[in-house]
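Encoded as C-alpha cells, the structure appears first; notes follow it.
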Amino acid sequence: MLTISYIRDNRETILKGLKIKNFETPELIDQIIDMDNERRSLQVKTNELQAKMNRLSKEIGGLFKSGEKEKANQVKEQTSAIKQELETLEQDLQQANSQVTELLVQVPNIPHPSVPAGKSDADNKEIRQGGVIPQLAEGSMPHWELAKKYNLIDFELGVKITGGGFPVFRGQGARLQRALISWFLDQNIKAGYEEILPPLMVNEASGFGTGQLPDKEGQMYHVTGNNLYLIPTAEVPVTNIYRDVILNAEDLPVKNTAYTPCFRREAGSYGKDVRGLNRVHQFDKVEIVHIEHPSRSYEALEEMVSHVEQLIIKLGLPYRIVELCGGDLSFTSALTYDFEVYSAAQDKWLEVSSVSNFESYQANRLKLRFREPGEKRPLLAHTLNGSSLALPRIMAALLENRQTPEGIVIPEVLYPYMGPGNKMIS
RNA sequence: GGAGAGAUGCCGGAGUGGUCGAACGGGGCGGUCUCGAAAACCGUUGUGCUCCUUGCGGGCACCGGGGGUUCGAAUCCCUUUCUCUCCGCCA
C-alpha cells in the first residue's frame with residue numbers, strides 16, 4: 001500500500017496516476033486525507049492525556065515511597081476522571097487508525113509515468129517480438145491431443161483423483177516438466193539468484209504482506225482447519241521471507257529464485273481458454289524475486305526482462321513482450337511486462353511470464369526496509385518479481401510448435417536433463 | 001495426541017508492581033593510543049506515530065500477539081500463536 005505521508009503530500013500526482021489505472025475514485029483519496037487528519041488530532045489529544053497520566057502516576061509512586069499516604073490518595077482521586085476520558089480517546093484513536101488502514105489498502109499502486117492509458121489487454125503496448133512462428137505440417141494437433149497421443153499428460157485422471165484442472169503428468173511428460181524446472185533453476189542460479197524451496201502454505205500475515213489478502217481471498221485455496229492458504233505463486237512465501245526485515249544497504253540487491261507448485265481457484269473462469277494446460281488449478285512455476293534499492297529498481301526490472309527473454313530464446317519459442325496499459329496493470333504493480341509465447345496449433349499467444357516492479361507498495365505492507373548510510377530512518381525497499389517461467393503454457397507451446405510427424409523435438413538446452421537418447425518424444 | 005518449560009533490544013542474557021526503553025556481556029559504529037594493527041580505555045548504539053518555536057527539540061507507544069487488573073505492568077490474571085524438553089504416534 002501507499003504510505004499515508006506520500007498520499008498527504010502528493011494528492012494531485014496520485015489522482016493523475018489512478019486515472020491511468022482507470023481507478024477513478026478521488027473521493028477515496030480525500031476520505032483518507034480527512035480520516036488521517038482526524039486520526040492525528042486524536043493522537044495529539046490522547047498523547048497529551050497519557051503524558052498527564054504518566055506524570056500523576058509517577059507522583060503517586062513518589063508520595064507512597066516517602067510515606068505520604070494521604071496525599072497520594074488525594075492525587076489518586078484525580079486520576080479516575082482522566083482515566084475514563086483516556087479510555088474513550090484510546091478507543092477512538094484505535095478505530096481511526098484501523099479505518100485509515102482499511103481505506104489505504106483499497107488504493108492500488110500508482111503506475112510508472114511510462115505506463116500507457118488503456119482499458120484492457122487490447123491497449124497494451126508491444127515492446128518487441130522475437131523468434132520464428134513455425135509452419136506446422138498437415139495434421140498437427142493442439143497440445144492436449146499431443147499429450148494424449150504420446151501419453152504425456154492425463155487430464156481425465158486428474159479429474160478422477162482431484163477434480164478438473166489438476167492434470168497428471170506421466171512418463172516423458174513428467175520428465176520434460178522436471179527438465180524444464182531444473183533448467184530454469186540452473187539458469188537463474190547462473191544469473192546470480194539464490195535458490196529457495198519455500199513452504200507451499202502461508203499464514204494470513206504473509207497473504208496480506210504480498211497483497212493477496214484481503215482483496216483476492218477467493219483466488220486462493222484456504223485450508224480452514226489451520227487457517228492457512230495454498231500459495232498462488234512462490235512470490236508469496238519468498239517475498240515474505242523479508243517481512244519485518246531491515247536490510248543493510250550493502251545487502252541489496254537480494255535475488256531469489258524458487259520453484260513451487262502454484263494453486264489457484266480461478267473462480268469465474270470458464271469456457272474455451274481453460275482447455276488443456278491453458279488454465280489449470282495446480283501448476284508448476286519458477287519465480288524470480290528481487291529486492292532492490294529504490295534508485296536501481298527500474299534497471300533491475302530491465303535486467304529481469306532480458307533474463308526471462310533469454311530463457312524463451314534458448315527454448316526456441318516465438319514470443320512477444322508487451323508493456324501493460326493502466327487498465328490491465330495489477331493492483332499492486334507500478335510497471336509490468338508480460339511475456340507471451342505463440343502456440344502454433346492453437347494459433348494463440350499465451351502468457352508465460354509477468355515481470356513487475358512493485359516499487360515500495362509491497363514493501364510498505366511487508367515493512368521491508370533497508371538502512372541507507374546517512375539516513376536517520378530505514379527506507380522502504382523496492383520489490384520486483386517475475387516468472388521464469390510458468391510451466392504449463394511453455395509446455396503447451398513446446399509441444400505444439402515442435403511437433404513433427406516423427407514426434408516432438410526436444411530443445412537442445414534440455415538434452416542434459418532428458419537423459420541419454422532423448423532428443424525426441426515419439 | 002498427553003505432560004512440562006519458555007518467548008525481553010543486532011546476539012547472549014538479567015529483570016516478579018513505581019526514574020526499566022530496560023542491568024551485564026558480546027557485536028556494530030565513533031574516538032583516544034599506534035607508523036599501522038591488535039589489546040586497552042572512553043563514548044555511542046532499536047522501531048513506529050506525533051507535535052511544534054524544525055532542534056544534536058518535545059510527547060506517546062512498543063519487552064511474541066490480543067484483552068484484563070492497577071494511580072502505575074516487561075513484571076500479576078485471562079486468551080492466542082510460536083519455540084523447546086519428555087512421552088506417544090509417524091515418513
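What you see is a predicted model; the values in this text were computed from it and never measured. Letters A, B, ... are given to chains in the order of the sequence lines, protein chains preceding strands, and every chain is numbered from 1.
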How do A/Leu56 and A/Arg8 order along RNA chain B: which one's closest nucleotide is nearer the 5' end?
A/Arg8

Side-chain donor/acceptor of A/Asn203 to backbone N/O of A/Leu228, under 3.5 Å
no

Please output the side-chain donor-acceptor pairs of residues 381-398 of chain A that fall under 3.5 Å, not counting sequence neighbours, one pair per line with the distance.
unit_1: A/His382; atom_1: ND1; unit_2: A/Ser297; atom_2: OG; d: 2.9
unit_1: A/Thr383; atom_1: OG1; unit_2: A/Gln362; atom_2: OE1; d: 2.8
unit_1: A/Asn385; atom_1: ND2; unit_2: A/Glu235; atom_2: OE1; d: 3.3
unit_1: A/Asn385; atom_1: ND2; unit_2: A/Glu235; atom_2: OE2; d: 3.3
unit_1: A/Ser387; atom_1: OG; unit_2: A/Ser354; atom_2: N; d: 3.4
unit_1: A/Ser388; atom_1: OG; unit_2: A/Asn188; atom_2: ND2; d: 2.8
unit_1: A/Arg393; atom_1: NE; unit_2: A/Asn278; atom_2: O; d: 2.8
unit_1: A/Arg393; atom_1: NH1; unit_2: A/Glu351; atom_2: O; d: 2.9
unit_1: A/Arg393; atom_1: NH2; unit_2: A/Asn278; atom_2: O; d: 2.8

Any side-chain N or O of A/Arg369 under 4.0 Å from OP1/OP2 of B/U47?
no

So if I take residues 194-214 of chain A and measure heavy-atom distances to RNA chain B, which residues fall below 4.0 Å?
none

Where the side chain of A/Gln84 meets the backbone of A/Ser80, is there a donor-acceptor pair that is under 3.5 Å apart?
no

Atom CG of A/Asn248 and atom C1' of B/U45 are separated, to the nearest Å, by 14 Å

P spacing across the pair B/U85 / B/G30, given as an integer number of angstrom
40 Å

Is it the case that over 12 heavy atoms from other parts of the model lie below 6.0 angstrom from the CD atom of A/Glu70?
no

Taking only residues at least two apart or on different chains, which pairs with a member in residues 300-310 of chain A satisfy salt bridge (Lys or Arg N to Asp or Glu O under 4.0 Å)?
A/Arg128-A/Glu309, A/Lys255-A/Glu303, A/Arg296-A/Glu303

Does the A/Arg39 side chain pair with the main chain of A/Asn97, one donor and one acceptor, at a distance under 3.5 Å?
no

Does a side-chain N or O from A/Asn54 land closer than 4.0 Å to OP1 or OP2 of B/C60, or not?
yes

Would you list the atom pairs, donor with acceptor, under 3.5 Å between side chains in residues 144-164 of chain A and any protein atom, with sequence neighbours excluded?
unit_1: A/Asp154; atom_1: OD1; unit_2: A/Glu156; atom_2: N; d: 3.1
unit_1: A/Asp154; atom_1: OD1; unit_2: A/Leu157; atom_2: N; d: 2.9

Pairs in or reaching into residues 222-254 of chain A: which pass ring pair (Phe, Tyr, Trp, His ring centres under 6.0 Å), with residues at least two apart or in two chains?
A/His222-A/Tyr229

Can you figure out which of B/G72, B/U47, B/G59 approaches the side chain of A/Ser57 most closely?
B/G72

Here the distance between atom P of B/U47 and atom CZ of A/Arg243, to the nearest Å, is 20 Å

Only Watson-Crick and G-U wobble pairs with both distances less than 3.5 Å should count. Give RNA chain B in dot-bracket notation, marking inter-strand partners with |.
((((((((.[[[..)..(.....]]]((((((.......))))))(((((((..).)))))).[[[[[..)....]]]]])))))))....

Sequence neighbours excluded, which residues qualify as side-chain hydrogen bond (donor to acceptor under 3.5 Å, both in side chains) partners of A/Arg365?
none

Measure CD1/A/Ile60 against C1'/B/G72 and give the value in whole Å, please.
7 Å

Parallel, tilted or perpendicular, judged at 30° and 60°: which one describes the rings of A/Tyr221 and A/His281?
perpendicular

Calculate the interatomic distance between A/Leu49 atom CG and B/A61 atom P; express it in whole Å.
11 Å

Gap in Å between the two C1' atoms, one belonging to B/G17 and one to B/A22, rounded:
15 Å

Please compare A/Ile246 and A/Phe64 by the position of their nearest nucleotide in RNA chain B and report the one closer to 5'.
A/Phe64

Listed partners of A/Asp92 passing side-chain hydrogen bond (donor to acceptor under 3.5 Å, both in side chains), at least two apart:
none

What nitrogen or oxygen pairs link the protein and nucleotides 66-69 of chain B at under 3.5 Å?
unit_1: B/G67; atom_1: OP1; unit_2: A/Gln94; atom_2: NE2; d: 3.4

Donor-acceptor pair, distance only, cut-off 3.5 Å: does the side chain of A/Lys423 make one with the backbone of A/Tyr415?
no

Rounding to the closest angstrom, what is the interatomic distance between B/G68 and B/A73 at atom P?
12 Å

Which of residues 34-45 of chain A have a heavy atom under 4.0 Å from RNA chain B?
A/Arg39, A/Arg40, A/Gln43, A/Val44

Protein-nucleotide distance (A/Arg377, atom CZ; B/U54, atom C1'), rounded to Å
13 Å

Looking at B/C29, I'd like to know if its phosphate oxygens (OP1 or OP2) sit under 4.0 Å from a side-chain N or O belonging to A/Arg371.
no

Looking at A/Glu68, I want to see if its CD is surrounded by more than 12 non-hydrogen atoms of other residues, nucleotides or ligands under 6.0 Å.
yes

Listed by chain and number, what are the side-chain hydrogen bond (donor to acceptor under 3.5 Å, both in side chains) partners of A/Arg170, not counting sequence neighbours?
none

I'd like the P distance from B/A74 over to B/G67, given in whole Å.
15 Å

Nucleotide B/G59, atom C1' - distance to NZ of A/Lys58 in whole Å
12 Å

Same-atom distance (P) from B/A61 to B/C42, integer angstrom
34 Å

Pairwise C1' distance for B/U45 and B/C56, with rounding to whole Å
15 Å

Whole angstrom is fine here: how far is it from NZ in A/Lys71 over to C1' in B/C71?
16 Å

Just jot down the side-chain hydrogen bond (donor to acceptor under 3.5 Å, both in side chains) partners of A/His290, sequence neighbours excluded, or say none.
A/Tyr193

Atom C1', compared across B/G2 and B/G25: separation rounded to whole Å:
39 Å

Write down the distance between NZ (A/Lys376) and C1' (B/C29), rounded to a whole number of angstrom.
17 Å

Between B/C87 and B/G28, how far is it from one P atom to the other, in whole Å?
41 Å

